[in-house]
Asker: 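What follows is a single structure, and I will ask about it in a moment.
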Amino acid sequence: MSDAEATDGDPDIERINLRISRPFLDVVDETWRERGFNSRSEFIRYAMRDAVTHPEGAGFWKDLAISEVQFDDGDGVPSEEVRAEYGLGGE
């Protein structure tokens with residue numbers, strides 16, 4: 001079922017547009033697949049819900065936004081470094 005079909009007839013669901021750079025989107029896509037989400041949309045909803053529910057994690061989201069700017073400038077941080085910084089990856 002597409003996102004359009006999922007929102008048909010449900011007045012409580014809003015569709016939004018999100019613009020991010022292609023390199024950052026590639027990282028997002030890699031992340032949602034690695035973490036076992038069913039779709040990009042599911043992962044983004046989860047991340048947004050988590051940010052609202054746990055505002056103490058705002059530093060993570062600020063770092064994420066800074067990372068996107070760095071990707072745009074060609075100064076990205078390797079995913080291994082980010083995983084190590086935030087204790088992700090389970091190694």
Side-chain angles (χ1 to χ4, degrees):
M1 175 182 344
S2 72
D3 285 344
E5 293 167 348
T7 62
D8 285 349
D10 188 342
D12 293 329
I13 302 293
E14 292 286 331
R15 176 178 278 201
I16 64 169
N17 291 318
L18 177 66
R19 294 176 187 259
I20 60 177
S21 68
R22 169 53 60 184
F24 185 63
L25 182 59
D26 292 341
V27 172
V28 168
D29 286 342
E30 177 184 341
T31 302
W32 72 259
R33 288 182 181 108
E34 286 177 355
R35 295 186 62 194
F37 286 86
N38 292 320
S39 68
R40 179 191 295 158
S41 292
E42 180 185 347
F43 173 70
I44 292 171
R45 282 190 298 271
Y46 172 85
M48 291 174 69
R49 205 175 293 118
D50 189 57
V52 170
T53 305
H54 304 288
E56 66 278 4
F60 170 79
W61 295 109
K62 181 179 178 184
D63 290 348
L64 196 60
I66 291 168
S67 293
E68 183 175 3
V69 171
Q70 290 172 333
F71 269 102
D72 289 344
D73 292 343
D75 297 325
V77 177
S79 59
E80 298 81 22
E81 189 175 319
V82 174
R83 286 183 183 104
E85 173 76 19
Y86 291 100
L88 304 173
E91 278 107 42

Asker: Measuring from F43:CZ to D29:CG, what's the distance to the nearest 0.5 Å?
Answerer: 9.5 Å
Asker: Quick check for you: to the nearest 0.5 Å, what is the distance between I44 atom CD1 and W32 atom CH2?
Answerer: 10.0 Å
Asker: For residues 19-27, which side-chain donor-acceptor pairs fall under 3.5 Å, sequence neighbours excluded?
Answerer:
| unit_1 | atom_1 | unit_2 | atom_2 | d |
| --- | --- | --- | --- | --- |
| S21 | OG | F24 | N | 3.3 |
| S21 | OG | D72 | OD1 | 3.0 |

Asker: Please step through side chain to side chain contact (heavy atoms under 4.5 Å, CB included) for the pair V52 and M48, ending with a clear verdict.
Answerer: CA-CA 6 Å; V52 170; M48 291 174 69; 5.7 Å; no
Asker: What residues, two or more places apart in sequence or in another chain, satisfy side-chain contact (heavy atoms from CB on, under 4.5 Å) together with E34?
Answerer: E30, R83
